[in-house]
Amino acid sequence: MNKKNSKFQLNKTTKSNFITYLLVIAIYLIVQILLAGGHMSSLMEGLLVPLCIYVMLAVSLNLTVGILGELSLGHAGFMCVGAFSGAFFSKCMQGAMPDGIRFLLALMIGAVVAGIFGILIGIPVLRLKGDYLAIVTLAFGEIIKNLVNVLYIGRDKNGFHFSMKDSISLHLEEDGEVIINGAQGITGTPHDASFTVGIILILISLAIILNLIHSRDGRAIMSIRDNRIAAESVGIHITKYKLMAFSISAAIAGVAGVLYAHNLSTLTALPKNFGYNMSIMILVYVVLGGIGNIRGSIISAVVLTLLPELLRGLSDYRMLIYAIVLIAMMLLNWSPKAIEWKERVREKYFSGLKFKKGVK
């Protein structure tokens, strides 16, 4: 009996993951059909890559907030680190190698650098809890943004030159170029980002996160979230698993940053790009989609990104409808009656599926 139940549970998990992948693929196919038929405006078409970026950020933050159970407000900082490290590499290597290989290496560099920052920040920060952790991670995001704005890096035949004063202090030769120009950022990053690349990166991110959640390490991470003392008492290494979840979340945010950098002609560390509001917006996607609900984060990011543009024709009522949708999503995900109804529907569906298997 126990073997049958465990087998059914495994099938249930696999089916849930398959539905999540299928949802992303269905969105991609619908968009491609609309593009082929000319039914999508240029404004909406320009939102496709940002949509992929927000989905990746929401899913990765849900790993920290929903699965690990720690409130982090520094996700925009990890995105900023990934964006500038990936864009810096692409700018330096432009023309030196094939575009596809260069972009792939930029994605890997963005992930590695953001992951390293996640470990370095996580070692001291993850000892904190609740509001204290949120405040420190928020400060990290602001520090990273402000450091990039005073950073000047140039290159000439003598190598790289660094300064935190101005571009003149770099003392470049005549053939030299400024790569990172302080508050003006990086100009001329190759435009390698596309909707197809974004969907592929989302699927890879989902594969990493969902496999982690349903693995032994994922169960250890969730046990720390549920009861840290009990988890520690049975020999679970608290620091190890916290750093694992935090660094993976940061690395995926770094990849999203690289995709963001390669979708713009000029990359700047403005408050609207990598500031406090960006971190809060990502957290809103996670909360409205359901904390710990990966599929909900995808739906929430898609709906809340597209809704303002879809309602642009209703300019007088746009924000009213947007607010109503926010409230409705919150009630659907957090109302006890709504949760009870969803559980009842889920149990009815899977019990029917189990009965059909038994009949066969």
Side-chain angles (χ1 to χ4, degrees), residues 46 49-50 52-54 56-57 74-117 140-194 197-198 201 250-279:
V49 175
C52 296
I53 295 166
Y54 294 141
M56 290 177 65
L57 290 170
H75 226 51
F78 296 122
M79 179 187 174
C80 182
V81 168
F84 275 88
S85 59
F88 180 81
F89 174 80
S90 288
K91 181 73 174 177
C92 292
M93 301 304 293
Q94 191 173 8
M97 60 176 65
D99 292 344
I101 296 175
R102 176 184 45 71
F103 183 50
L104 180 62
L105 290 175
L107 290 170
M108 294 173 64
I109 288 171
V112 170
V113 173
I116 291 172
F117 268 82
F140 157 73
E142 293 299 309
I143 289 170
I144 289 295
K145 175 175 63 66
N146 290 321
L147 279 177
V148 170
N149 281 328
V150 296
L151 183 63
Y152 297 85
I153 301 178
R155 180 180 63 170
D156 59 17
K157 62 183 180 182
N158 297 320
F160 290 97
H161 303 266
F162 302 85
S163 174
M164 298 189 74
K165 185 178 179 182
D166 52 40
S167 58
I168 300 175
S169 303
L170 295 173
H171 302 297
L172 297 175
E173 299 289 339
E174 291 184 1
D175 62 337
E177 64 170 342
V178 179
I179 300 175
I180 300 181
N181 193 15
Q184 296 180 26
I186 300 177
T187 304
T189 306
H191 195 283
D192 296 322
S194 67
V197 171
L201 292 176
I252 296 174
V255 172
V258 176
L259 190 65
Y260 178 83
H262 288 75
N263 191 47
L264 301 172
S265 57
T266 301
L267 177 66
T268 55
L270 297 175
K272 66 176 182 179
N273 298 341
F274 305 110
Y276 170 78
N277 289 334
M278 174 63 83
S279 292

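These numbers come from the heavy atoms of this one structure, side chains and all, not from hydrogens, waters or symmetry mates.
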Nearest-0.5 Å distance that lies between atom CD1 in Ile180 and atom OH in Tyr152: 11.5 Å
Residues Leu151, Leu147; criterion side-chain contact (heavy atoms from CB on, under 4.5 Å); working and verdict: CA-CA 6 Å; Leu151 183 63; Leu147 279 177; over 6 Å; no
For residues 80-102, dump all side-chain donor-acceptor pairs below 3.5 Å to protein atoms at least two apart in sequence or in another chain.
residue	atom	partner	partner atom	Å
Ser85	OG	Val81	O	2.8
Ser85	OG	Gly82	O	3.1
Ser90	OG	Gly86	O	3.3
Ser90	OG	Arg102	NH1	3.4
Ser90	OG	His262	NE2	2.6
Lys91	NZ	Thr187	O	2.8
Asp99	OD1	Arg102	NH2	3.3
Arg102	NH1	Asp192	OD2	2.8
Arg102	NH2	Asp192	OD2	3.1

Mutual orientation of the aromatic rings belonging to His75 and Phe78 [parallel < 30°, tilted 30-60°, perpendicular > 60°]: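 If you compare the ring of His75 with that of Phe78, the planes turn out perpendicular.
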Test item: Asn263 side-chain N/O and Leu259 main-chain N/O as donor-acceptor pair under 3.5 Å: no
Pairs involving residues 153-165, ordered by first then second residue, that meet salt bridge (Lys or Arg N to Asp or Glu O under 4.0 Å) (sequence neighbours left out):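 Sorted result for residues 153-165: Arg155-Glu177.
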Residue pairs passing the salt bridge (Lys or Arg N to Asp or Glu O under 4.0 Å) test where at least one lies in residues 251-271, sequence neighbours excluded: none
Closest heavy-atom pair and its distance - Ala261, Thr189: O-CG2, 3.7 Å
Which atom of Ala114 lies closest to which atom of Ala251, heavy atoms considered: CB-CA, 4.2 Å
Any residue meeting side-chain hydrogen bond (donor to acceptor under 3.5 Å, both in side chains) with Asp166, in chain and number order, not counting sequence neighbours: Ser169
Residue list, side chain to side chain contact (heavy atoms under 4.5 Å, CB included) with Ile116, at least two apart or on another chain: Val112, Leu120
Identify each donor-acceptor pair in which a side-chain atom of residues 264-278 lies under 3.5 Å from a protein atom, sequence neighbours left out, and give them as a table.
residue	atom	partner	partner atom	Å
Asn273	OD1	Tyr260	OH	3.1
Asn273	ND2	Thr268	O	3.0

